[in-house]
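Here the structure is a predicted model, which is why all the values come from computation and not from measurement.
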Amino acid sequence: MPFVLSPDRLEAARAFAATFQPGQRVCLTTHVNPDGDGLGSEAGLAHLLKARGVDVVVTNPTATPPRFDFLFEDLPGLDKTREAVKELRRADRIVVLDIADLGRLGMLGETVRSRGVPVACIDHHVGTGVLPEGPRYLDSDAAATGELVFELAVANGWPVDQAVARGLYVAILTDTGGFRFSNTRPRTLRVAAELLETGVDPEEIYLEVYARAPEGRPRLFAEALQTLVVEPDHGLAWVTVPPGAIERLGVSSDDLDGVVEFPRSIEGVRMALLFREVSQGRVKVSLRSIGPVDVAAFAKQFGGGGHTKAAGLALAGSLGEVQATVLAAARDYLGGDGRNP
Ligand code: 5GP
Ligand code: MN
């Protein structure tokens, strides 16, 4: 079966695209600590909009991790993250990718909220948060926001060349954990196949994204994995980043990508967690699940969110305090008898 769009998605994608005009100044932005999906979707959409005469820049709340710099190599000067606030103040419209909540835009949230220009959104997270008015293209069944950008291109007859495809392939590759997670639908692989048809080299992309890590990354993994705690009775396992380890090893929080898969990989574990102090008195928790446990719903009670099987939250408090609170809630959530209520 080829890749097809249902009539209502086709209409939604065309209505969304019709709001972009040549000559418009458009800022693309994504969530704090941008990942392969946010950045790959931005790079893909930037190429698509540039080809339509739109004056597009990328303005993210935090810096692009070095392993994703290659996405912007053929878009010189387009990543204006360092001057994000200034750029947002000049924009005719803003497009928020891979999140639908001002609270995840970090220091840019207030500027985006108060700008008074349309704020478009392309996203695949469960449930929506608060964003100013603007066109939406949403689908929580999509594996990645990159899949939705591909739909926009196809629905509007925008040519997907190799440059566009590279960004969208990175988006899908990273958000599906290399096509392993449950969000990998037949449709996802059809999109990936069409992207490869453009001549994108999957090994080259694999090497850029996963095989150019600093030495500190495996050392950080080693330190984090040393902290592993497993509670077989609850189906819980967690690891903690030793405070200061990221700075000491000269790496960034992006280098933690994948570490939570280790507690998740243990037989009998149904919820895996990664705890990390992001600043004095603020702790970020990454959540992953196996089976029917819904970690997005769990995260929501603490103001977090994400997807059914991959979610996150951030809480005020010391590492010890946040661990105690979240783990107690997790034990409760999973139920002493080992079943999710
Ligand atoms: P990660 O744990 O890899 O940072 O994030 C997993 C998923 O949860 C991603 O889809 C991410 O957008 C979402 N997520 C992570 N942290 C938060 C958070 O603090 N709030 C919300 N709403 N979503 C989060
Ligand atoms: Mn995503």
Side-chain angles (χ1 to χ4, degrees), residues 31 33 35 37 98-99 101 103-104 124-127 129 140-141 143-144 174-184 220-243 245 253-278 282-341:
H31 51 81
N33 300 321
D35 58 10
D37 188 23
D98 199 34
I99 197 63
D101 189 21
R104 295 271 290 142
H124 69 132
H125 285 86
V126 180
S140 62
D141 288 335
T174 53
D175 256 27
T176 56
F179 305 105
R180 285 175 298 170
F181 300 151
S182 61
N183 55 358
T184 309
L220 179 66
F221 268 53
E223 291 195 22
L225 295 178
Q226 285 284 352
T227 71
L228 174 70
V229 181
V230 187
E231 286 185 357
D233 290 351
H234 295 103
L236 262 181
W238 66 93
V239 293
T240 308
V241 179
S253 59
D254 177 61
D255 289 303
L256 283 169
D257 181 34
V259 74
V260 71
E261 296 306 321
F262 287 87
R264 190 191 205 182
S265 70
I266 299 164
E267 169 98 66
V269 165
R270 291 176 303 135
M271 192 194 292
L273 304 92
L274 167 70
F275 293 92
R276 147 172 97 84
E277 201 172 44
V278 279
R282 191 154 185 86
V283 175
K284 152 125 203 201
V285 189
S286 285
L287 304 150
R288 298 292 185 273
S289 73
I290 292 285
V293 177
D294 181 351
V295 282
F298 177 81
K300 207 167 169 217
Q301 60 181 310
F302 296 105
H307 310 281
T308 313
K309 296 191 174 190
L313 61 97
L315 280 184
S318 70
L319 203 46
E321 285 162 356
V322 172
Q323 275 182 328
T325 305
V326 173
L327 291 169
R331 289 180 196 111
D332 212 30
Y333 191 67
L334 293 166
D337 64 352
R339 261 178 299 145
N340 188 28

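In this structure, the separation between NZ on Lys309 and OG on Ser182 is 4.0 Å, given to the nearest 0.5 Å. Here CG of Leu334 is found 5.0 Å from CZ of Arg270. Values are rounded to the nearest 0.5 Å. The distance from the CG atom of Asn33 to the CZ atom of Arg104 is 8.0 Å, given to the nearest 0.5 Å. One finds the NE2 atom of His307 at 3.5 Å from the NE2 atom of His124 (value rounded to the nearest 0.5 Å). How far OG1 of Thr308 is from CG of Leu287: 12.5 Å, rounded to the nearest 0.5 Å.
Tyr333 places no side-chain N or O within 3.5 Å of a backbone atom of Leu327 that could act as its donor or acceptor partner. Formation of a donor-acceptor pair under 3.5 Å by the Thr176 side chain with backbone atoms of Arg180 is not found in this model. Proximity of a side-chain donor or acceptor of Asn183 to a complementary backbone N or O of Asp175 within less than 3.5 Å is detected. Listed for the Gln323 side chain is no donor-acceptor partner under 3.5 Å among the backbone atoms of Gly320.
Between Leu319 and Phe275, the shortest heavy-atom distance links the atoms CD1-CB, 4.2 Å. Here the closest heavy-atom approach between residue Val295 and residue Ala310 is recorded as CG2-N, 3.6 Å. Counting all heavy atoms, side chain and backbone alike, Leu313 lies closest to Ala299 at CD2-CA, 3.9 Å. The nearest pair of heavy atoms linking Arg276 to Ser253 is NH1-CB, 3.3 Å. For Ala311 against Gly305, the heavy-atom pair with the smallest separation is CB-O, 3.2 Å. The shortest non-hydrogen separation linking Asp37 to Thr174 is N-OG1, 3.5 Å.
Ring pair His31/His125 is perpendicular by interplanar angle, where above 60° counts as perpendicular and below 30° as parallel.
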Audit row: Phe262, Val260, side-chain contact (heavy atoms from CB on, under 4.5 Å) steps and yes/no: CA-CA 5 Å; Phe262 287 87; Val260 71; over 6 Å; no

Stepwise side-chain contact (heavy atoms from CB on, under 4.5 Å) check, Asp98 with Asp35: CA-CA 9 Å; Asp98 199 34; Asp35 58 10; 3.4 Å; yes

Check against side-chain contact (heavy atoms from CB on, under 4.5 Å), Val230 and Ile266: CA-CA 9 Å; Val230 187; Ile266 299 164; 3.8 Å; yes

Trace of the side-chain contact (heavy atoms from CB on, under 4.5 Å) decision for Thr227 with Trp238: CA-CA 8 Å; Thr227 71; Trp238 66 93; over 6 Å; no

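A 4.5 Å side-chain heavy-atom check between Val241 and Leu256 finds at least one atom pair inside the cut-off. Side chains of Pro263 and Leu228 form a contact here, defined as non-hydrogen atoms less than 4.5 Å apart. Inter-residue side-chain proximity for Leu236 and Val269 is flagged as unmet; no heavy-atom pair is nearer than 4.5 Å. Taking the side chain as every heavy atom from C-beta outward, Leu315 and Val326 approach each other to under 4.5 Å.
Evaluation of the salt bridge (charged side-chain N to carboxylate O under 4.0 Å, His left out) test over residues 254-265, restricted to residues two or more places apart or in two chains, returns Arg67-Asp254, Arg67-Asp257, Glu261-Arg264, Glu261-Arg288.
The residues Glu231 and Arg331 are annotated as salt-bridged, a charged nitrogen and a carboxylate oxygen being separated by less than 4.0 angstrom.
At most 12 heavy atoms of other shown residues, nucleotides or ligands fall within 6.0 angstrom of atom CD in Gln226.
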